[in-house]
Participant: 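My questions will all concern the structure given below.
Quick note: numbers below take in every heavy atom, side chains included, and nothing from hydrogens, waters or symmetry partners. Quick note: residue numbers are just sequence positions, from 1. Please read all numbers here as calculations on a predicted model, not as lab measurements.
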Amino acid sequence: QVQLVESGGGSVQAGGSLRLSCAASGPTFSTYNMGWLRQAPGKEHEFIAAINWSGGITYAADSVKARFAISRDNAKKTIYLQMSDLKPEDTAVYYCAAAEPTPDTTMAVTLRESDYWGEGTQVTVSS
């Protein structure tokens with residue numbers, strides 16, 4: 001099993017930047033694909049970005065891929081989401097998720113369906 005704790009959220013003006021962190025516990029962190037999802041008020045969870053177990057493959061949703069970057073440090077058991085040029089529509093609770101690699105299934109699907117999610121960190125972007 002893996003436990004996840006997000007940090008780094010906060011309030012920022014449009015155009016600003018934030019870096020979210022997700023610290024994991026458990027012996028098998030380096031074998032998990034990891035990712036970020038978010039939920040805005042009144043909306044469903046939205047997949048944002050994913051990174052495979054080695055860090056060699058990353059994927060980001062079209063809505064953020066020009067502005068957000070995901071990375072991981074397996075030695076620190078931590079993943080990051082660097083967010084720049086933030087917009088008011090980025091306001092949401094951001095969740096970290098972990099999922100075991102599954103053949104023929106995208107990381108976005110496995111992360112969304114995973115039982116391993118953190119509690120979330122609030123990001124608020126004002127105009």
Participant: Taking all heavy atoms of Phe29 and all of Ala24, pick out the closest pair and write down the distance.
Facilitator: CD1-CB, 3.4 Å
Participant: Hey, can you tell me if Trp117 and His45 have their rings parallel, tilted or perpendicular (30° and 60° cut-offs)?
Facilitator: perpendicular
Participant: Enter the distance from Gln82:CD to Ser21:OG here, rounded to the nearest 0.5 Å.
Facilitator: 9.5 Å
Participant: Would you check if the side chain of Thr91 reaches a backbone N or O of Val125 as a donor-acceptor pair within less than 3.5 Å?
Facilitator: yes
Participant: When rounded to the nearest 0.5 angstrom, what distance separates OG in Ser63 from CG in Asp90?
Facilitator: 7.5 Å
Participant: Would you kindly confirm whether Ile79 and Leu20 end up in one hydrophobic cluster when ILVMFWY residues are joined by side chain heavy atoms under 4.5 Å apart?
Facilitator: yes
Participant: As an exercise, state the distance from CD of Gln39 to CD of Glu44, rounded to the nearest 0.5 Å.
Facilitator: 8.5 Å
Participant: Using atom types as modelled and distance alone, determine if a side-chain donor or acceptor of Asn33 lies under 3.5 Å from a backbone N or O of Trp53.
Facilitator: yes
Participant: Which distance, rounded to the nearest 0.5 Å, do you find between the OH of Tyr94 and the OG of Ser7?
Facilitator: 15.0 Å
Participant: With Asp62, which residues qualify under side chain to side chain donor-acceptor pair (under 3.5 Å), at least two apart?
Facilitator: Lys65
Participant: Hey, does the side chain of Asp85 reach the backbone of Arg67 with a donor-acceptor pair shorter than 3.5 angstrom?
Facilitator: no
Participant: Is there a side-chain contact (heavy atoms from CB on, under 4.5 Å) between Thr105 and Glu113 once you walk through the steps?
Facilitator: CA-CA 11 Å; Thr105 306; Glu113 297 178 349; 5.9 Å; no
Participant: Which atom names give the shortest non-hydrogen contact between Gly118 and Glu6, and what distance separates them?
Facilitator: CA-OE2, 3.2 Å
Participant: Contact between Glu46 and Val64 at the side-chain level, heavy atoms closer than 4.5 Å - yes or no?
Facilitator: no
Participant: Do Val93 and Leu37 share a hydrophobic cluster (ILVMFWY, side-chain heavy atoms under 4.5 Å, transitive)?
Facilitator: yes
Participant: Treating Ile, Leu, Val, Met, Phe, Trp and Tyr as nodes and any side-chain heavy-atom pair under 4.5 angstrom as an edge, say whether Ile51 and Val2 lie in one connected cluster.
Facilitator: yes
Participant: Between Ala50 and Leu111, what is the shortest heavy-atom contact and its length?
Facilitator: CB-CD1, 3.6 Å
Participant: At what distance, to the nearest 0.5 angstrom, does CG of Leu86 lie from CD of Gln13?
Facilitator: 11.5 Å
Participant: Does Arg72 make a cation-pi contact with Tyr32 (under 6.0 Å, within 45 degrees of the axis)?
Facilitator: no
Participant: Would you say that Phe68 contacts Ser84 through its side chain, given a criterion of any heavy-atom pair below 4.5 Å between the two side chains?
Facilitator: no
Participant: According to side chain to side chain donor-acceptor pair (under 3.5 Å), does anything in residues 118-127 pair up with another residue at least two apart or in another chain? List the pairs.
Facilitator: Gln122-Thr124
Participant: For Met34 and Leu4, work out which heavy atoms get closest and say how close.
Facilitator: CE-CD2, 3.8 Å
Participant: Considering non-hydrogen atoms only, spot the tightest contact between Ser30 and Asn74 and give its length.
Facilitator: CB-ND2, 3.8 Å
Participant: With a 4.5 Å cut-off on side-chain heavy atoms, are Val123 and Met83 touching?
Facilitator: yes
Participant: Determine, using the 4.5 Å side-chain heavy-atom cutoff (strictly less than), whether Leu18 and Leu81 are members of one ILVMFWY cluster.
Facilitator: yes
Participant: Tell me if a side-chain donor or acceptor on Thr102 pairs with a main-chain N or O of Glu100 at a distance below 3.5 Å.
Facilitator: yes
Participant: Is there a path of hydrophobic side-chain contacts, each under 4.5 Å between heavy atoms, that joins Phe47 and Ile70?
Facilitator: no
Participant: Which residues pass the side-chain contact (heavy atoms from CB on, under 4.5 Å) test with Lys76, sequence neighbours left out?
Facilitator: Asp73, Thr78, Tyr80
Participant: If you look at every heavy atom in Ala99 and Thr110, which pair is closest and at what distance?
Facilitator: CB-O, 3.6 Å
